[in-house]
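Reviewing the structure listed below.
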Amino acid sequence: MAVSNDIQQLVQEGRAAALAGDTFTARERFRRATELEPENVEAWIGLSSAVPRLAEKREYLQRALQIAPANTEAQASIQYVERLLAEGLQLAPSRRREEQHRSGNASPLLSTPEQPATEVEYCYRHAGRETGLHCVQCNRPICAECATPAPVGQLCPECRNARRPRNYQVSAANMIVGGVVAFFTALLLSIPVALFARGFFAIFIIIFAGPALAELIVRVVDYVTRLKRGRPMQIAVGVGIALGMLPTLWATSNIFLLFFMILAISVAVARLR
């Protein structure tokens with residue numbers, strides 16, 4: 001668990017450094033994360049965003065796709081990188097160089113210095129924040145808080161969410177349905193658990209039957225939400241399980257039911273990641 005937290009911290013530090021323009025630190029953090037966990041897709045995609053050479057970006061994105069072939073962010077990014085390579089570029093273009101290249105006014109391999117912006121732009125989600133960042137996909141201005149590093153440039157929240165797999169695109173309705181279903185399923189299961197989980201038999205239920213019953217709650221939620229995943233679903237289902245078991249816990253004062261509730265929430269959080 002400590003190693004997993006360290007890797008997540010490295011990935012977060014790498015993203016923050018990339019947004020701040022500190023590509024050296026970003027590369028260092030992402031590389032360290034890939035060394036600690038070679039199968040970490042986020043670290044490979046992050047590393048691709050911190051290197052300037054398109055060939056390196058392609059290599060790291062290919063590694064990410066070997067681990068997770070269905071990752072839509074890596075798929076979209078490698079298509080963009082392949083297109084730039086096909087056009088003859090060797091380095092990831094800045095927004096200004098890319099516009100010059102498309103208009104035919106500059107060589108794609110020539111690195112020209114950035115010129116100061118003549119027009120002040122504001123984040124489209126935070127009207128009072130000046131910014132020089134643009135979403136590489138929709139080209140709208142975004143502030144550092146809204147930007148997510150991509151292998152080439154950065155993405156706004158809307159484009160970032162659009163690249164996520166469908167089961168990670170969670171709506172408020174999905175959260176409500178998942179939470180309500182988890183509530184009633186947990187309420188129904190908590191009654192027999194509280195009645196039979198006593199003495200030595202309680203230990204048997206918690207150790208052997210507990211994980212299966214907790215998995216049952218997640219399966220029911222999966223069925224009604226069509227396999228929705230992510231942090232919002234983890235929170236909604238976890239809260240639903242807790243609220244569903246509290247009435248029985250309050251009525252019976254069975255301490256073993258509390259252990260079962262913790263187990264069920266842990267299983268739900270792990271399965272809905």
Side-chain angles (χ1 to χ4, degrees), residues 3-98 101-102 108-111 114 133-139 142 144 146-169 229-231 273:
V3 174
S4 178
N5 291 338
D6 289 343
I7 293 170
Q8 191 61 35
Q9 181 67 25
L10 286 169
V11 172
Q12 291 176 355
E13 290 177 358
R15 288 173 177 169
L19 286 175
D22 186 357
T23 55
F24 177 82
T25 300
R27 287 195 297 270
E28 182 184 61
R29 298 294 190 272
F30 287 130
R31 285 190 193 279
R32 181 57 179 159
T34 60
E35 291 169 359
L36 292 174
E37 187 180 353
E39 302 301 307
N40 190 300
V41 176
E42 291 183 351
W44 286 111
I45 294 177
L47 183 57
S48 73
S49 72
V51 295
R53 295 184 60 82
L54 292 171
E56 283 187 84
K57 291 180 182 293
R58 179 173 59 184
E59 176 186 347
Y60 299 140
L61 289 169
Q62 288 173 340
R63 181 61 185 272
L65 287 172
Q66 288 176 358
I67 301 168
N71 187 289
T72 53
E73 181 177 358
Q75 290 173 352
S77 297
I78 200 168
Q79 289 175 5
Y80 182 61
V81 170
E82 293 284 7
R83 180 166 62 82
L84 294 180
L85 285 167
E87 292 177 1
L89 275 74
Q90 296 179 6
L91 301 177
S94 67
R95 178 169 171 260
R96 184 181 185 84
R97 288 201 305 271
E98 188 175 25
H101 170 58
R102 287 173 177 172
L109 304 182
L110 181 62
S111 176
E114 294 291 329
L133 299 175
H134 289 79
C135 174
V136 71
Q137 186 160 311
C138 68
N139 203 35
I142 48 176
C146 296
T148 300
V152 179
Q154 54 278 321
L155 294 170
C156 68
E158 293 179 13
C159 293
R160 174 70 177 86
N161 290 334
R163 286 192 178 189
R164 292 172 65 85
R166 290 185 61 85
N167 59 328
Y168 282 91
Q169 298 178 22
R229 292 287 186 273
R231 180 66 60 83
R273 184 171 303 160

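- Judged as a ring pair (Phe, Tyr, Trp, His ring centres under 6.0 Å), the pairs with a partner in residues 47-78 (not counting sequence neighbours) are, in order, W44-Y60.
- At least one side-chain heavy atom of R15 sits under 4.5 Å from a side-chain heavy atom of F30.
- Residues passing the side-chain hydrogen bond (donor to acceptor under 3.5 Å, both in side chains) test with E82, sequence neighbours excluded: R58.
- Closest approach of I78 and Q62 over heavy atoms only: CD1-CG, 3.5 Å.
- For the atom pair R83 CZ and L54 CG, the distance stands at 11.0 Å (nearest 0.5 Å).
- Q9 and E13 share a side-chain donor-acceptor pair at under 3.5 Å.
- Rounded to the nearest 0.5 angstrom, C135 SG and E158 CD are separated by 9.0 Å.
- When all heavy atoms of A74 and L65 are compared, the closest pair comes out as CB-CD2, 3.6 Å.
- Here E35 pairs with R32 under the side-chain hydrogen bond (donor to acceptor under 3.5 Å, both in side chains) rule; sequence neighbours left out.
- Using modelled atom types, one side-chain atom of Q75 and one backbone atom of P69 make a donor-acceptor pair closer than 3.5 Å.
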>> Before you tell me yes or no, could you show the steps for K57 and V51 under side-chain contact (heavy atoms from CB on, under 4.5 Å), namely the whole-Å CA-CA distance, both residues' side-chain angles and the distance that decides it to 0.1 Å?
In response: CA-CA 7 Å; K57 291 180 182 293; V51 295; 3.7 Å; yes
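- Across all their heavy atoms, A43 and T34 have their closest contact at CB-CG2, 3.6 Å.
- Looking at every heavy atom in both residues, A26 comes nearest to G14 through CB-O, 3.5 Å.
- Summarising the geometry of L85 relative to A55, their closest heavy-atom pair is CD2-N, 4.3 Å, with the distance given to 0.1 Å.
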>> Go through it in stages, so that I can follow the logic: the residues are R29 and Q12, the test is side-chain contact (heavy atoms from CB on, under 4.5 Å), and I'd like the CA-CA distance, side-chain angles, deciding distance and then a yes or no.
In response: CA-CA 9 Å; R29 298 294 190 272; Q12 291 176 355; over 6 Å; no
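- Shown here are the side chain to side chain contact (heavy atoms under 4.5 Å, CB included) partners of E59, two or more places apart in sequence or in another chain: there are none.
- Atoms CD and CD1, on E39 and I67 in that order, are 4.5 Å from each other to the nearest 0.5 Å.
- I45 is listed as a side-chain neighbour of N71, based on a closest heavy-atom distance under 4.5 Å.
- I7 and N40 get closest at one heavy-atom pair: CG2-ND2, 3.4 Å.
- In this structure, the side chain to side chain contact (heavy atoms under 4.5 Å, CB included) partners of Q66, at least two apart in sequence or on a different chain, are R63.
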>> Evaluate C138 against C159 for side-chain contact (heavy atoms from CB on, under 4.5 Å), listing each step before the verdict.
In response: CA-CA 7 Å; C138 68; C159 293; 3.8 Å; yes
